[in-house]
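These notes are about the structure you will find just below.
Both ligands and their constituent atoms are indexed starting at 1 by order of listing.
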Amino acid sequence: MDRFLVEGGKKLKGTVKISGSKNACLPILVASLLTDEPFVLHRVPNLRDVRTTLKILTALGKKAQYENGTVTITADGALKNMLPYELVKQMRASFWVAGPLLARFKEAVIPLPGGCALGARPVDIHLKGFERLGAVCTTDRGNVVLSAQQLQPAKITLRFPSVGATQNLMMCAALIPGETVLENVAKEPEIDDVAAVLTKMGAEVFTDEKGRLVVRGQKALRGVEHTVVADRIESGSYMIAAAATRGDVKVDGCVPEHNSILLEYLQEAGVPLEIGPDYVHVKPYDTPLKPLRMKTAPYPGFATDLQAPWMTLMVLAQGASEIDEDIFENRFMHAPELVRMGADIVTEKSIARVNGVKQLSGAHVMASDLRGGFALLIAGLCAQGITEIERVYHIDRGYEDPEGKLNAVGAKVTRYNPDKDDF
Ligand code: UD1
């Protein structure tokens, strides 16, 4: 398994180009199941989760081709409506195929995703929504079995604005003729990108004046060509990396508005920024970083996916800061690893209390999840000496060529595999 060796103490300088959004790509690729017509998607990042999604589509009977950031999906015989557990266990987001498959077949068998490193992660909101659309949901030997005589549009209020449930339900409703209205939905920019795709496919999807998501579904949907929105979590991660190393980095090709809360926090912490139409330039500074209290929340609140990188920044602030993780119950696994590098962090339930330290020192650490892994990478960039990060495959799930992008702005990150490479 690959590891990173990070030589710390180098200030980042230069330009980082942001890739297409992983969290928009995954549901959009899945939306290809709603049609037999060709589906062409540009600015698709080369990530493990994207490759897993293409494997899922292939297992369901699609043909997928990936070249230079463009994915072309075409029909390849009859579609299947069952997914093997092998694929679901690799990526929770594979459960998102349930909505399109239910809409197309009125029947689908999808293995329950189970828990993950971040907690239990149930799918009750998805299932309640499918029931409102006319499906019967049962479980059988670890699978969710969805079936419907007929699906009908409905008014559905989500008990929590789940990103995945909003996407799953809007994809299903897009292929049910009539008007479905979803209330208390997620408002993440990735939802807008899925809505744009479904609208290009022939459904009408928009947010009304009350903030409800209206889906006017059709009997059949057509193929689409679309360019994926910039990855706001990747852009935010590189902004934090630049700020943590006190570097001078232009984070280019992003949508600054999608990071607006993070930008406010960075500025309040004392990081000078120049905010352009499609870039954020993180400027160098020599004043102490101000510790802040932060609580994660659904968009437009502070993204839970940026909580771990933000913690690394607060580790280097002068004084005591606090982080309240309000979305996932178990998302502080990076904290004990940061402590191994010299950080002073105490976690209790959803709260992490951080006392800033002057300097981190390189250590042998382990990535336990995607964003927590990137937080360790940032810590390694700032630390004195060498940091060795194990289980880089977590980082590869969601960051395209992280060592290439970091090394291009002056970092020294080497990927190696102890089973293959000599060091
Ligand atoms: C998506 C993102 C993930 C991000 C998260 C929150 C993708 C592929 N992943 O995940 O990167 O961290 O949004 O912004 O887009 N919940 C339930 N029942 C449900 C569904 C969710 O209780 O049926 C709970 C979850 O356990 C969690 C919270 O709701 O505590 C948020 O989950 P959700 O918004 O659904 O996250 P995902 O869509 O899985």
[X] and [Y] ion-paired at < 4.0 Å:
X      : Y      : result
Glu325 : Arg331 : no
Lys200 : Glu225 : no
Arg397 : Asp49  : yes
Arg222 : Glu37  : no
Asp396 : Arg415 : yes

Can you find an N or O of [X] that's nearer than 3.5 Å to an N or O of ligand 1?
X      : value
Ala93  : no
Pro161 : no
Val163 : yes
Leu26  : no
Lys22  : no

Heavy-atom contacts under 4.0 Å between [X] and ligand 1: side chain, backbone, both, or neither?
X      : answer
Tyr299 : neither
Arg159 : side chain
Arg331 : side chain
Ile327 : both
Thr304 : side chain
Asp305 : side chain
Trp96  : side chain
Glu329 : neither

>> As an exercise, state the distance from CD1 of Ile345 to CD1 of Ile323, rounded to the nearest 0.5 Å.
In response: 7.5 Å
Closer than 4.0 Å to some heavy atom of [X] - which atoms of ligand 1 meet that?
X      : result
Asp124 : 17 (C), 18 (N), 19 (C), 22 (O), 23 (O)
Phe160 : 28 (C), 29 (O), 31 (C)
Gly164 : 35 (O), 38 (O)
Val123 : 19 (C), 23 (O)
His126 : 23 (O)
Ile125 : 17 (C), 18 (N), 19 (C), 20 (C), 23 (O)

> Under the 3.5 angstrom rule, does the side chain of Asn168 hit a backbone N or O of Gly164 as a donor-acceptor pair?
Replying inline: no
>> Would Lys250 and Tyr279 count as a cation-pi pair here, with the cationic atom under 6.0 angstrom from the ring centre and within 45° of the axis?
In response: yes
> Can Arg212 be said to sit on top of Phe206's aromatic six-ring, NZ or CZ under 6.0 Å from centre and within 45° of the ring axis?
Replying inline: no
> With a 4.0 Å cut-off on heavy atoms, is Pro122 touching ligand 1?
Replying inline: yes
> Parallel, tilted or perpendicular: which describes the rings of His126 and Trp96, with under 30° parallel and over 60° perpendicular?
Replying inline: tilted
> Taking C-beta and beyond as the side chain, do Leu34 and Leu198 meet within less than 4.5 Å on heavy atoms?
Replying inline: yes
>> Any heavy-atom pair between the side chains of Asp124 and Arg159 that's under 4.5 Å?
In response: yes
>> For atom 35 (O) of ligand 1, which of the options Ser162, Gly398, Ala186 provides the nearest non-hydrogen atom?
In response: Ser162
> Checking salt bridge (charged side-chain N to carboxylate O under 4.0 Å, His left out) for the pair Lys22/Glu400: CA distance, chi angles, key distance, verdict?
Replying inline: CA-CA 9 Å; Lys22 166 182 95 75; Glu400 186 173 41; over 6 Å; no
